[in-house]
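All chains are named by letter (A, B, ...) in the order of the sequence lines, taking the proteins before the strands, and each is independently numbered beginning at 1. Fair warning: this is a prediction, and the values are worked out from it, not measured in the lab.
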Protein chains: 2
Amino acid sequence: MSAEPKSRARRGVDRLDILDAAFNLFDEVGEISFSIRKLAATIGVDPMTILHHFGSKDELLRAVADYALRSVEMPSATKNWRADLKAVANAYRLLAHRHPRVFPLHFRYNATGPADHISSEIVYCALRRAGLPDASAAGLGLAFYAFVLGFALAEAEGLLKAIGPAEEAELNNLDPKMYHATQDLIPALKNLDPNAVFNDSIEVFISGVADLAKLKPRLVPIPECAAKCA
Amino acid sequence: MSAEPKSRARRGVDRLDILDAAFNLFDEVGEISFSIRKLAATIGVDPMTILHHFGSKDELLRAVADYALRSVEMPSATKNWRADLKAVANAYRLLAHRHPRVFPLHFRYNATGPADHISSEIVYCALRRAGLPDASAAGLGLAFYAFVLGFALAEAEGLLKAIGPAEEAELNNLDPKMYHATQDLIPALKNLDPNAVFNDSIEVFISGVADLAKLKPRLVPIPECAAKCA
DNA sequence: GTCTAAACTCTACACCGTAGAAGTCAAGAG
DNA sequence: CTCTTGACTTCTACGGTGTAGAGTTTAGAC
């Protein structure tokens with residue numbers, strides 16, 4: 001048995017060509033404008049060719065999401081669990097910054113590819129080294145992803161940036177009796193720095209994890225992990 | 001000038017009828033199957049009638065997202081900022097549980113309706129009472145939403161639940177040398193309780209906020225807010 | 001050469017959002 | 001009452017979509 005799939009017919013385009021082109025097109029035009037027919041046109045092929053490589057548009061997009069995930073380089077574990085969590089969070093944020101159109105696909109098609117296992121291994125390892133028992137580590141690992149992906153998604157969709165004059169006017173028009181805190185924060189919202197917000201947030205998560213580990217410390221030591229991770 | 005728009009023609013359906021039907025249909029069939037033509041059929045009207053009330057499908061969905069947000073009852077502020085943050089988070093999670101199909105729309109169309117201002121007022125107020133300076137309160141308020149919405153979205157999309165036999169087998173097939181922590185956590189992942197994870201996560205966020213407030217305390221007192229919120 | 005099967009293309013269908021024209025009907029003016 | 005008006009609704013049509021099903025091409029096995 002050879003490594004090649006020993007194709008007997010002509011090979012105009014293969015899966016990877018299509019995937020790469022699909023990724024680029026999607027990244028460029030966004031979800032609403034992306035269509036199999038346009039993709040077929042850009043790579044000079046019949047639309048049905050694409051559908052015979054991938055079963056349906058849905059599966060194609062799933063593959064695109066996975067392809068994007070693989071394009072970002074995941075960090076390696078270090079001795080510092082806090083730094084490891086930051087590194088993973090930064091990797092996802094970088095992905096969202098680089099490919100804001102593709103990024104939302106990860107929420108629709110729950111990413112379970114190897115690249116994701118790599119990062120989750122780091123996260124789980126970090127949370128255990130922080131001192132959490134396994135039950136908490138598992139749950140908080142997933143919560144960590146919910147937070148990081150939610151943050152990155154909000155940023156990719158443009159929800160997490162300094163407010164402009166229009167939003168400022170809207171907030172100023174609210175009833176001052178009911179929206180006092182909101183209106184007090186308008187200057188801060190106008191000068192919002194996404195990077196600072198991200199750093200603060202990660203810091204909050206990390207110190208919260210440390211607190212929880214003190215509150216509910218793990219009773220059994222980490223088997224072998226210490227030898228591998230640290 | 002009267003309050004009514006003094007309509008001169010017959011009133012078959014109005015905006016609210018359409019909105020309500022659209023919300024219910026979307027909630028039932030999901031985004032991919034939802035279409036203006038189907039919606040028109042269910043309420044016995046021509047598709048174009050809908051498009052003349054709302055400018056386009058996009059604006060209709062935007063209105064649906066806003067309509068869903070208004071359907072959830074936001075809590076009132078109490079004396080306890082920790083309880084207030086939990087209450088807001090729970091309100092959004094409840095919305096996601098009740099309407100998992102509609103919920104993702106909030107990420108596409110950044111919700112800026114009044115209902116959202118109500119909750120964000122509570123959040124900002126809570127963070128200031130926690131002792132954060134305005135700059136941190138503004139940023140962490142948005143980060144809080146990113147976390148809560150991300151968590152709720154992940155849950156609505158089915159990413160945040162106990163793993164089944166298929167996922168377990170997949171994790172077991174990973175290389176034990178590289179995925180030690182992941183495989184150790186398989187029992188915990190099989191018994192994952194979403195509610196417990198949510199509570200842990202909120203607790204982590206809250207104690208992290210308290211830590212940050214100690215690290216970077218606000219120097220100026222909260223103007224008037226104390227009289228209103230507490 | 002022939003044979004075979006994988007890769008690809010063609011045709012066709014049902015459905016979509018929506019522009020633009022035409023129709024319909026309640027309410028005020030005479 | 002009739003007539004006008006204009007907001008509301010519907011009709012028709014167009015260019016687009018995903019994809020099922022049948023037909024065509026082509027590279028390697030013999």
Any luck finding a side-chain donor-acceptor pair between [X] and [Y] under 3.5 Å?
{"X": "A/Y124", "Y": "B/D184", "value": "no"}
{"X": "B/E170", "Y": "A/H117", "value": "yes"}
{"X": "A/Y145", "Y": "A/S119", "value": "yes"}

Quick check on contacts: within residues 21-32 of chain A, what sits under 4.0 Å from DNA chain C by heavy-atom distance?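 Residues of residues 21-32 of chain A that come under 4.0 Å of DNA chain C do not exist, since none gets that close.
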For B/I50 and C/dA19, what is the distance between atoms CD1 and P respectively, to the nearest whole Å?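 Taking atom P of C/dA19 as the reference, CD1 of B/I50 is at 15 Å.
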Round to a whole Å and report the spacing from CZ of A/F54 to C1' of C/dA7.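 My rounded result for the distance is 14 Å.
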If the threshold is 4.0 Å, N to carboxylate O, is there a salt bridge linking [X] and [Y]?
{"X": "B/E31", "Y": "B/R108", "answer": "yes"}
{"X": "B/R62", "Y": "B/D66", "answer": "no"}
{"X": "B/K86", "Y": "B/E203", "answer": "yes"}
{"X": "A/R101", "Y": "A/E28", "answer": "no"}

Ring-ring centroid check B/H106 B/Y109, cutoff 6.0 Å: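 No, they do not, as the ring centres are separated by 6.0 Å or more.
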Kindly state whether the ring of B/F147 and the ring of A/F205 have centres lying under 6.0 angstrom apart.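 Not under 6.0 Å, so no.
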To the nearest 10°, let me know how far the axis at one end of the helix from C/dG1-D/dC30 to C/dG30-D/dC1 is tilted from the axis at the other, five pairs an end.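 The angle separating the two end axes equals 20°.
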Nucleotide-resolved protein contact map, nucleotides 17-23 of chain D, B/S/- at heavy-atom distance under 4.0 Å: BBBBB--
Spacing of B/L105 atom CG and B/L153 atom CG [to the nearest 0.5 Å]: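 Spacing of CG (B/L105) from CG (B/L153) equals 10.5 Å.
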